[in-house]
Amino acid sequence: YMAAAFEDQLCPMKTVLPRDTDEEEPIDNRLRYAARTDGRAGFLFLNNFQDHWKRPAFRHIRLDVQTAAEQISFEDITLEDGMFAVFPFGLRFGKNELITATAQLITKMTVEGETYFFFFQPRGNRSRFVFCRENLQQITCCDMEQADDRTFIGIPDRMGQLDILDQTGTVYHFLLL
């Protein structure tokens, strides 16, 4: 679903591999990850699956991604054995920006002028959304903090919803399944 819903953004993006990638060592104990990016926005792909092998769990890790404008951080990520995830960064919606999310983006749809983004919470992970505050007028959700130009939202349960009203009067819904 994600590839179809975001193909206009995903397809022209370039693949960026971590500096310590070693193609000669396919099975190891490091977290496997890569990004697809246009230099500003993109998707962070995480993989902790290997056929016929038990992989270590990675708990409370932090990954930094350098974009053309800034370094952004994905904090407190947990990826259990057998899990994978695709986390968005720099995702534009209207004049707004989701800076990072530690929830798997599934798809989006628009119904009666309101856009719905659907996410999945990988097992063992706590979902956190970081938004640029600039154009946001109102946010309805649970656990929210604000610092500088950012709004941090944590959804502690496996299911939850946050609703955003921006300065243009447009409503966006972020649903965690």
Side-chain angles (χ1 to χ4, degrees), residues 1-21 30-50 55-93 96-109 115-133 139 141-145 150-162 164 172-177:
Y1 296 107
M2 190 202 89
F6 296 94
E7 71 179 311
D8 291 345
Q9 294 150 295
L10 183 61
C11 289
M13 291 180 168
K14 294 181 179 175
T15 301
V16 179
L17 300 174
R19 287 186 206 116
D20 64 351
T21 300
R30 292 179 293 174
L31 178 62
R32 299 170 186 164
Y33 62 97
R36 294 283 304 240
T37 184
D38 62 7
R40 185 196 64 75
F43 301 91
L44 179 64
F45 292 79
L46 305 166
N47 178 19
N48 198 25
F49 172 79
Q50 178 68 46
R55 301 268 306 149
F58 294 91
R59 294 188 175 95
H60 310 294
I61 63 170
R62 172 185 169 144
L63 291 173
D64 297 320
V65 175
Q66 181 66 50
T67 68
E70 66 180 323
Q71 179 174 297
I72 57 171
S73 298
F74 292 85
E75 297 180 6
D76 201 22
I77 299 170
T78 293
L79 207 61
E80 300 288 342
D81 175 42
M83 299 299 294
F84 62 89
V86 181
F87 296 156
F89 61 93
L91 181 67
R92 303 292 299 178
F93 57 103
N96 310 293
E97 181 180 5
L98 173 61
I99 298 170
T100 62
T102 56
Q104 163 83 40
L105 181 58
I106 300 171
T107 192
K108 70 176 178 177
M109 65 176 62
T115 302
Y116 294 79
F117 293 90
F118 295 88
F119 290 83
F120 169 77
Q121 181 172 300
R123 182 179 69 240
N125 200 53
R126 181 177 183 265
S127 296
R128 182 176 179 180
F129 298 82
V130 180
F131 294 94
C132 178
R133 287 178 50 189
I139 299 175
C141 68
C142 46
D143 180 18
M144 181 172 61
E145 298 174 26
R150 299 187 177 190
T151 297
F152 302 87
I153 298 171
I155 300 179
D157 299 320
R158 291 190 63 88
M159 294 184 71
Q161 178 174 339
L162 63 104
I164 294 177
Y172 299 90
H173 306 279
F174 290 75
L175 293 96
L176 184 64
L177 307 175

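By convention here, the first residue in the shown sequence is residue 1. All values below come from the heavy atoms of this structure, side chains included, with hydrogens, waters and symmetry mates left out. The model shown is predicted, which means the values in this text are computed figures rather than measured ones.
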- Quick one: closest heavy-atom pair of Ala103 and Ser127, and the distance? CB-OG, 3.6 Å
- Could I get the full list of salt bridge (charged side-chain N to carboxylate O under 4.0 Å, His left out) partners for Asp64, not counting sequence neighbours? Arg62
- Message: Just so I know, are the side chains of Ile77 and Phe87 near enough to count as touching, which here means a heavy-atom distance under 4.5 Å?
- Response: yes
- Task: Taking the six-membered ring for Trp and the single ring otherwise, decide whether the centroids of Tyr1 and Phe118 are under 6.0 Å apart.
- Result: no
- Message: Assess the residue pair Leu105 and Phe43 against the criterion (side-chain contact (heavy atoms from CB on, under 4.5 Å)); give the C-alpha distance rounded to whole Å, side-chain angles, the decisive distance to 0.1 Å, and a yes or no.
- Response: CA-CA 9 Å; Leu105 181 58; Phe43 301 91; 3.9 Å; yes
- Item | Over all atoms of both residues, closest heavy-atom pair of Arg40 and Asp38 | N-OD1, 2.8 Å
- Query: Do Thr15 and Arg36 touch side chain to side chain, with heavy atoms closer than 4.5 Å?
  - Reply: yes
- Message: Give me the atom names and distance for the closest heavy-atom approach of Leu44 to Phe89.
- Response: N-CE2, 4.0 Å
- Query: Within the side chain of Ser73, is there an N or O that forms a donor-acceptor pair under 3.5 Å with the backbone of Glu75?
  - Reply: no
- Task: Report the residue from Glu97, Glu145, Glu70 that forms a salt bridge (Lys or Arg N to Asp or Glu O under 4.0 Å) with Arg150.
- Result: Glu70
- Non-hydrogen atoms of Ile99 and Cys132 that approach each other most closely: CD1-N, 3.6 Å
- Note on the structure: dist Tyr172:OH -> Ile139:CD1 (nearest 0.5 Å) comes out at 13.0 Å
- Asp76 backbone acceptor or donor facing Arg126 side chain under 3.5 Å: no
- Message: Using only atom types and a distance under 3.5 Å, with no angle test, would you say the side chain of Asn48 pairs donor to acceptor with the backbone of Met83?
- Response: no
- Message: Can a donor-acceptor pair be found, under 3.5 Å and without considering hydrogens, that links the side chain of Asp81 to the backbone of Arg55?
- Response: yes
- Query: Any sub-3.5 Å donor-acceptor pair from Gln121's side-chain atoms to Asn125's backbone N or O?
  - Reply: yes
- Task: Assess whether side-chain contact (heavy atoms from CB on, under 4.5 Å) is satisfied between Met109 and Thr115, documenting all intermediate values.
- Result: CA-CA 6 Å; Met109 65 176 62; Thr115 302; over 6 Å; no
- Does the ring center of Phe131 lie less than 6.0 Å from the ring center of Phe174? yes
- Query: Quick one: does Arg128's side chain get under 4.5 Å of Ile153's, heavy atoms only?
  - Reply: no
- Message: Quick one, Phe6 and Lys108 - any side-chain contact, counting heavy atoms below 4.5 Å?
- Response: yes
- Query: Quick one: are Leu63 and Leu31 in side-chain contact, heavy atoms under 4.5 Å?
  - Reply: yes
- For Arg133, does its backbone N or O pair with a side-chain atom of Thr151 as donor and acceptor, under 3.5 Å? no
- Shortest non-hydrogen pair, Pro88 vs Leu98, comes out as CG-CD2, 4.1 Å
- Do the side chain of Gln104 and the main chain of Val86 share a donor and acceptor less than 3.5 angstrom apart? yes
- Message: Please give me the minimum heavy-atom distance between Thr107 and Ala5, naming the atom from each residue.
- Response: OG1-CB, 3.4 Å
- Message: Under a 3.5 Å distance rule, please check whether Arg32 uses its side chain to pair with a backbone N or O of Asn47 as donor and acceptor.
- Response: no
- Query: According to the interplanar angle, ranging from 0 to 90°, do the rings of Phe93 and Phe117 count as parallel (below 30°), tilted (30 to 60°) or perpendicular (above 60°)?
  - Reply: perpendicular
